[in-house]
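Below is one structure, written out as C-alpha cells; the observations come after it.
Chain identifiers are assigned alphabetically (A, B, ...) following the order of the sequence lines, protein sequences preceding nucleic acid strands; residue numbering begins at 1 within each chain. What's counted below: heavy atoms across the whole structure, side chains too, no hydrogens, waters or symmetry copies.
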2 protein chains.
Amino acid sequence: MESSRARGSGTQSVYKTIRQEILTMALAPGSPLDEVRLSERFGMSRTPVREALLRLAADGLVTTLPNRNTVVSAIDFATLPSYFEALSLMYRATTRAAAMHRDAKLMEKVHARQRDFRKAVEDRDAFAMIEANRDFHVAIAELGGNGYYTSFFTRLLDEGRRILRLYYSTFEDRLPRQYVEEHEAIIAAIEAGDVDLCDRLATEHAAQIVRQIQDYIARDLRQPMDLAER
Amino acid sequence: MESSRARGSGTQSVYKTIRQEILTMALAPGSPLDEVRLSERFGMSRTPVREALLRLAADGLVTTLPNRNTVVSAIDFATLPSYFEALSLMYRATTRAAAMHRDAKLMEKVHARQRDFRKAVEDRDAFAMIEANRDFHVAIAELGGNGYYTSFFTRLLDEGRRILRLYYSTFEDRLPRQYVEEHEAIIAAIEAGDVDLCDRLATEHAAQIVRQIQDYIARDLRQPMDLAER
DNA sequence: TGTCGACAGTTTGTGTGCAAAAAGGCTGAC
DNA sequence: GTCAGCCTTTTTGCACACAAACTGTCGACA
C-alpha cells in the first residue's frame, strides 16, 4: 500500500489530528471513536489508530470503556471549581518563576505570542484568541524553566481550550481588551524581575478569567440547557 | 493457548508489573525493555506488551527511541531543583486544601497511612517508609478533594520514589523520627482547619525532605560516582 | 402486557507475519 | 593500523486475522 508514509509517523499523525479535533471541539465530548472507522478515515490499519487512542486516553482526552468503545471525554462541570483553583495556582507559579529566570531569547517568544494575542483580539477572532492566550502563558511557563510546571500547566490550559470554546462561541469584546493590558503588565513585571508583582497580576488575571467563564455559565443556566453528556 | 487470562487483563497486568519494577528500581534507569523478551516473559504476544509500554511512556517512566528500543527513563539530576520546587508547591497546595475540606471518612484514611508510616519507621524499613510516606501524602491530597492536584502530586511523588530509593539504600534513623512528628503536626493542623499553619508545616516538611536528599547527593558526590546512565 | 432469555451484530483485545530501520560487525583499501 | 562502506542482525512499526465480550432486538412465557 502507501509506503509513502514515513515509518513512525502513522500513530503520530492520527494522535495529533484527533487531539486537535478534540481540543477545538470539532469532536464533541461523548462522541464515539470507532477504531475501524478511524482506520478507514486515515487510510491505515487499526494498530496505529489504537496506539493513538491509547495516548489520548493517557492525556485524559478520551475515555476508553473496556470491551466497548472509546469516547471523547466529557467535560465534568462538577470539577470546575477544582479546575479553576489549579489553574490559578499554576498561573501564579509559572509567572513567578518567569520573573526569576529571565532570558532574552525566551522573552522574545513571549512578546511574539502577545503580538499574536493582540492581533486575535483586534481581529475579533474568538477562537484564535483562545489559542493565542494559551500559547502566551505556555511561553511564560517555558521562560520559568520548570518542566514540571510547564507540562502540568499546558495540560490544564489545553483542557481550558475546550471549556472556553463552549462559552466563547459568541464573541464579547468587553473583556478581551482588558486581557491585552493585563498581559502587557505581566510582561513588564517579568522583565522587571518583580516576583511579588507577577504573583499579584497572575492572581488577578486568573480571577478575571474564572469570573468571565462563571458569568458565561450563569448566563447559560438561565436558558434551557442540555446537560446530557451522552 | 492460555485462554484462562481474562480478556482485558493482559495489558493491565504488564503495565502494573513493569511500573512497579521501575518505581522500586528493580529495573534500573536505562535498562532496555525489549518487546519480544517481555512478551515471552509474560507469556503473551507483543501487542499487549506494546500497549503497556505506551502507557508507561505516557507516564514518563520509559522513553521509547523511535525505531529502536525503549528504555527505563533516566533520572535527570539537572532537573532536580525544578522537581523540588514543584514538590514543595504541591505539598503546600494539597495540605492547605485538606485543611479546608475536612471529611471524617477520608481523615481516617490519613490516620491509617500515618500508622503505616510510623510502623515502617519503627521497623527501620527504609523502603516501606518511602511507600508509606507517599501514601500518606496522597491520602491528604485526596482529602483536599482537588483531582488535578491529586494526579499531579501523585505523579511527582512516584517519581520521588525512584529518587529516594537511590539514596535510602542505607537507612539513617536520625531524621525519620522527625518526619513522624511532622506528620502528626500536619494531621493536627488539618483537623483544626488551620490553613496557614498547614501551609507553614508543609513548607517546612518539604524543605526537610529536600535538604535530606541534597545531603545524600552531596555525600555521594564526595565519592567517585558513576554518572553514566547507560 | 411486562419480563426474561437467546441470538445476531458490532467492536474491541490479542496473536501472528512481514518489512523497514538502525546498530554492530566484517571486509577491504589506503 | 585505521577508516569507509557493505552486510547481517536485531527490533520495532504496521497490516491483518480471529475470537471474546458487550449491546440491542426479537420472541416466548407468565
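Ion pairing of Arg155(B) with Asp158(B) is absent here, as no side-chain N (NZ or NE/NH1/NH2) approaches a carboxylate O to less than 4.0 Å. Using a 4.0 Å cut-off between charged nitrogen and carboxylate oxygen, Asp116(A) and Arg113(A) count as a salt-bridge pair.
Here the P atom of nucleotide dT11(C) and the CG atom of Leu65(A) are 13 Å apart, to the nearest Å. Whole-Å rounding puts the Glu40(B) CD to dT12(D) P distance at 12 Å. For the pair Arg68(A) CZ and dG13(C) P, the computed distance is 11 Å after rounding to whole Å. Atoms CZ (Arg37(A)) and P (dG9(C)) sit 17 Å apart, rounded to a whole Å.
Within residues 9-19 of chain A, the residues approached by DNA chain D to less than 4.0 Å at the level of any non-hydrogen atom are Ser9(A), Gly10(A), Thr11(A), in residue-number order.
Considering only the side chain of Arg7(A), dA20(C) comes nearest among dA20(C), dT12(C), dG17(C). Considering only side-chain atoms of Arg46(B), the nucleotide from dT12(C), dC18(C), dT11(D) that sits closest is dC18(C). Of the candidate nucleotides dG13(D), dC14(D), dT14(C), dC14(D) has the atom lying nearest to any side-chain atom of Thr47(A). Side-chain proximity of Asn69(B) to dT12(C), dA22(C), dT11(D): nearest is dT11(D). Checked against dG13(C), dG13(D), dA15(D), the side chain of Glu35(B) finds its nearest nucleotide in dG13(D). Here the nucleotide nearest the side chain of Val36(A), chosen from dA15(D), dT16(C), dT12(C), is dT12(C).
In terms of modelled atom types and a separation under 3.5 Å, the side chain of Ser31(A) and the main chain of Val72(A) share no donor-acceptor contact.
By the side chain to side chain contact (heavy atoms under 4.5 Å, CB included) test, Ile190(A) is found to be paired with Thr95(A), Ala98(A), Arg102(A), Met107(A), Ile140(A), Leu143(A), Ile186(A), Cys198(A), residues two or more places apart in sequence or in another chain being considered. By the ring pair (Phe, Tyr, Trp, His ring centres under 6.0 Å) test, Tyr15(A) pairs with no residue at all, sequence neighbours left out.
Between Ser45(B) and dT14(C) there is no side-chain N or O to OP1 or OP2 distance below 4.0 Å. A sub-4.0 Å separation between OP1 or OP2 of dG13(C) and a side-chain N or O of Arg50(A) is present.
When each of Pro66(A) and Asn67(B) is assigned the nucleotide of DNA chain C bearing its nearest heavy atom, the one mapping closer to the 5' terminus is Pro66(A). Along DNA chain D, the nucleotide nearest Pro48(A) and the nucleotide nearest Asp34(B) are compared for position; the residue whose nucleotide lies closer to the 5' end is Asp34(B).
Heavy atoms of Leu53(A) sit nowhere under 4.0 angstrom from any nucleic acid atom. Among the heavy atoms of the strands, none lies under 4.0 Å from Leu38(A).
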Test Thr63(B) against Ser73(B) for side chain to side chain donor-acceptor pair (under 3.5 Å), laying out the working first. CA-CA 5 Å; Thr63(B) 306; Ser73(B) 295; 2.9 Å; yes
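Between the side chains of Asn146(B) and His101(B), not a single donor N or O lies within less than 3.5 Å of an accepting N or O.
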